[in-house]
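Hydrogens, waters and symmetry mates are skipped; everything else that's a heavy atom, side chains included, is used. For ligands, and for the atoms within them, numbers begin at 1 and follow the listed sequence.
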Amino acid sequence: METVVYKSTRGHGEPVSASYAIVHGIAEDGGLFVPDHMPKMDRELSELMEMDYRCLAYEVMKLFLTDFSEEELRLCIDHAYDDKFDTREIAPLKHPGESNVLELFHGATLAFKDMALSVLPYLMITAAHKQNLEEEIVILTATSGDTGKAALEGFANVGGMRIIVFYPKDGVSSIQKLQMITQQGDNTHVIAMKGNFDDAQRSVKEIFTDPEEAVRMKNAGYMFSSANSINIGRLIPQVVYYYWAYAQMVKSGRVRLGEAVNFCVPTGNFGNILAAHYAKLMGLPVGRLICASNSNNVLTDFFHTGRYNANREFFVTSSPSMDILVSSNLERLLYQLCGENGAQVQELMDSLRQRGSYILPVDKTVLEGEFWAGFADEEATAAAIRMVYETEGYVMDPHTAVAYSVSEQYRQESGDDRPLVVVSTASPYKFPASILQAIGKEVPEDEEELMNSLSVLSGTEVPQRVKMVLNAPVRHYRVCEKDKALAEVHDILGL
Ligand SMILES: *Cc1c(COP(=O)(O)O)cnc(C)c1O
């Protein structure tokens with residue numbers, strides 16, 4: 001197997017191994033690690049069809065994590081995709097009416113973040129051993145709602161690690177907040193930041209790339225790493241489910257082996273859709289990747305105009321995990337579009353930091369063959385939830401509904417009638433109030449009643465995990481100003 005090494009998107013430093021990239025999370029120059037070349041799938045699609053999720057995960061991940069042994073990687077995968085998921089399929093493909101919906105929310109925290117964050121802690125421990133690290137790893141994470149809980153759950157009580165999560169104080173759903181502030185585990189810390197997700201993400205990135213801070217940490221016996229999708233160890237496990245979805249499409253007779261499938265992905269930080277792009281580069285028959293945004297439609301404008309402009313009103317929507325104006329993983333796509341010119345990417349990122357915008361230095365038509373972008377505002381999102389419920393009895397969460405709505409727009413505007421998979425990123429039980437409201441039902445004040453109403457509506461049982469959270473004691477009370485993240489981190493670590 002050919003070795004894959006990882007380079008920074010900003011062009012500095014020597015290439016590093018996969019385990020180095022996972023442990024460090026972000027490159028020293030502030031860039032993101034990217035594979036030096038895209039490995040090609042070395043198995044026939046027909047062979048992959050026969051595999052269960054874990055075997056398939058191994059076949060995909062081994063091509064990227066070339067310094068992990070087979071035994072190490074299989075162990076990580078087996079620990080991750082087990083009965084923490086409420087279905088043996090791990091990521092079932094459902095078919096409400098004529099649609100295909102890939103449900104990625106069957107893990108421990110009911111959001112698609114579990115797909116990667118259930119395996120990342122194992123990858124990180126394995127990688128830390130390989131790197132002979134002596135420091136305690138401190139996972140610093142900014143969350144728009146779902147990453148935080150999934151990372152807390154994944155890293156709780158993992159020896160030699162601590163996890164600190166910042167979430168936007170008024171930017172997450174009440175169940176998302178409850179999930180985080182009731183988190184168990186002596187090594188977990190949760191802080192509400194008085195700001196939005198972009199503020200939290202920026203603070204965390206600044207701490208990561210502050211050279212003085214790195215020295216102070218090292219002297220105290222700590223090092224930082226990331227559980228955000230800037231970590232390549234998050235991205236690689238996400239490639240797996242695009243192969244999985246394709247296999248399910250073939251098995252159910254919805255597509256012939258080798259025929260292309262379109263995917264429509266509800267997008268925030270551009271991690272999920274980038275994983276689909278990687279699957280395509282590896283050789284999976286993927287047609288168009290449809291980038292679906294909510295009212296924070298900075299990506300829609302980018303794909304249409306070639307200008308990325310974050311200087312705009314920020315909306316708090318019913319799909320909070322996509323309320324993002326600075327999509328960090330886009331940097332990885334830019335690197336590729338700029339012909340792997342790190343200096344050019346650095347200029348774009350400087351422009352983004354200083355002016356809040358940049359212009360794609362290459363002709364935007366390079367994007368058009370593969371990507372299409374659209375957005376659904378609050379009204380369109382609610383209409384999609386209501387329509388699919390009324391016609392098919394299938395209940396979608398608002399993030400999935402954004403993608404559903406945009407996929408309809410795409411079909412109408414493009415006339416492309418290839419098979420399409422809508423990627424579903426959260427369980428309806430994470431956003432019950434928005435759903436009941438969209439369908440025109442009464443919205444009970446009490447969380448438990450809310451869940452029960454949704455249960456009746458959808459004909460599904462309230463997940464055990466939700467019931468537990470509703471009754472769990474609050475353990476985390478920290479709140480901080482948006483420019484005081486570092487002080488919180490010092491306080492927690494006793495620095
Ligand atoms: C994180 C998240 C998204 C956005 O995914 P990205 O990889 O950041 O683009 C969409 N929906 C839900 C429910 C999420 O938790």
For residues 279-288, please give each side-chain donor-acceptor pair under 3.5 Å, one per line with the distance, not counting sequence neighbours.
unit_1, atom_1, unit_2, atom_2, d
K280, NZ, V286, O, 3.2
K280, NZ, G287, O, 2.9
R288, NE, E368, O, 3.2
R288, NE, G369, O, 3.0
R288, NH1, Y410, OH, 3.1
R288, NH2, E368, O, 3.1

Exercise. Can you list, by chain and residue number, every protein residue with a non-hydrogen atom closer than 4.0 Å to ligand 1?
Worked result: F112, K113, D146, P266, T267, G268, N269, F270, G271, N272, S321, M322, H399, T425, A426
Problem set entry | Residues in ring-ring contact (aromatic ring centres under 6.0 Å, His included) contact with Y81, at least two apart in sequence or another chain | Y53, F85
Exercise. Pairs in or reaching into residues 325-334: which pass side chain to side chain donor-acceptor pair (under 3.5 Å), with residues at least two apart or in two chains?
Worked result: T9-E331, R10-E331, Q201-S328, S229-N329, N269-S328, N329-R332
For this session: Can you spot which of I191, L140, V204 makes a side chain to side chain contact (heavy atoms under 4.5 Å, CB included) with V489?
Result: L140
Exercise. Given Q179, which of K430, R465, E153 fulfils the side chain to side chain contact (heavy atoms under 4.5 Å, CB included) condition?
Worked result: K430
Exercise. Using a distance-only test with no angle check, is there a side-chain donor-acceptor pair under 3.5 angstrom linking D397 and T400?
Worked result: yes
